[in-house]
Amino acid sequence: MENKIKKSVAILLAHIIKIDDRNIEKEAPLFCKLMEMDFGTNAKESEAFLKQILEESYDLDEHIAIINHALCD
């Protein structure tokens, strides 16, 4: 379950970066820091994860539901 939450949080953060047309290189350090603080993911892994998420399609509603479910439990 933790991997699903980790992926969902990462997708939500990446989605914000994507829809606001933010500079990925500028936002990557903050993304990496948040992923490290919350999930213990190192910066290299987080940055690769961010780039992967930005290139693939995802169902935002599904990931919001996963986060919501985790917060309720």
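Atoms considered below: every heavy atom in the structure, side chains included; atoms not considered: hydrogens, waters and symmetry mates.
Identified under the ring pair (Phe, Tyr, Trp, His ring centres under 6.0 Å) test for residues 19-44, with sequence neighbours left out: none. Residue pairs meeting the ring pair (Phe, Tyr, Trp, His ring centres under 6.0 Å) criterion with at least one member in residues 41-67, sequence neighbours excluded, are H15-Y58.
Under the rule for a side chain to side chain contact (heavy atoms under 4.5 Å, CB included), the partners of E25 that lie at least two apart in sequence or sit in another chain are N23, E47, K51. Among residues two or more places apart in sequence or in another chain, the salt bridge (charged side-chain N to carboxylate O under 4.0 Å, His left out) test is passed with E56 by none. Applying the salt bridge (charged side-chain N to carboxylate O under 4.0 Å, His left out) test to D20 and every residue at least two apart in sequence or in another chain returns R22. Here H69 pairs with nothing under the ring-ring contact (aromatic ring centres under 6.0 Å, His included) rule; sequence neighbours left out. Every residue meeting the side chain to side chain contact (heavy atoms under 4.5 Å, CB included) condition with I24, not counting sequence neighbours, appears here in chain and number order: I17, L50, L54. For K7, the salt bridge (charged side-chain N to carboxylate O under 4.0 Å, His left out) criterion is met by no residue, not counting sequence neighbours. The side chain to side chain contact (heavy atoms under 4.5 Å, CB included) search around E36 returns none, not counting sequence neighbours. N42 meets the side chain to side chain contact (heavy atoms under 4.5 Å, CB included) test with K44, E45; sequence neighbours excluded.
A distance of 10.5 Å separates CG of N3 from OG of S8, quoted to the nearest 0.5 Å. In this structure, L34 CG and T41 OG1 are separated by 11.0 Å, a value rounded to the nearest 0.5 Å. One distance of note links CG of L60 with CD1 of I11; it measures 8.5 Å at 0.5 Å rounding.
Nearest heavy-atom pair across A14 and I53 is CB-CG2, 3.5 Å. Between S46 and C32 the shortest heavy-atom distance is CB-SG, 3.6 Å.
Hydrophobic cluster membership differs between L12 and I19, with clusters built from Ile, Leu, Val, Met, Phe, Trp and Tyr side chains linked at under 4.5 angstrom. No path of Ile, Leu, Val, Met, Phe, Trp and Tyr side chains, each step under 4.5 Å between heavy atoms, connects L71 with I16, placing them in separate hydrophobic clusters.
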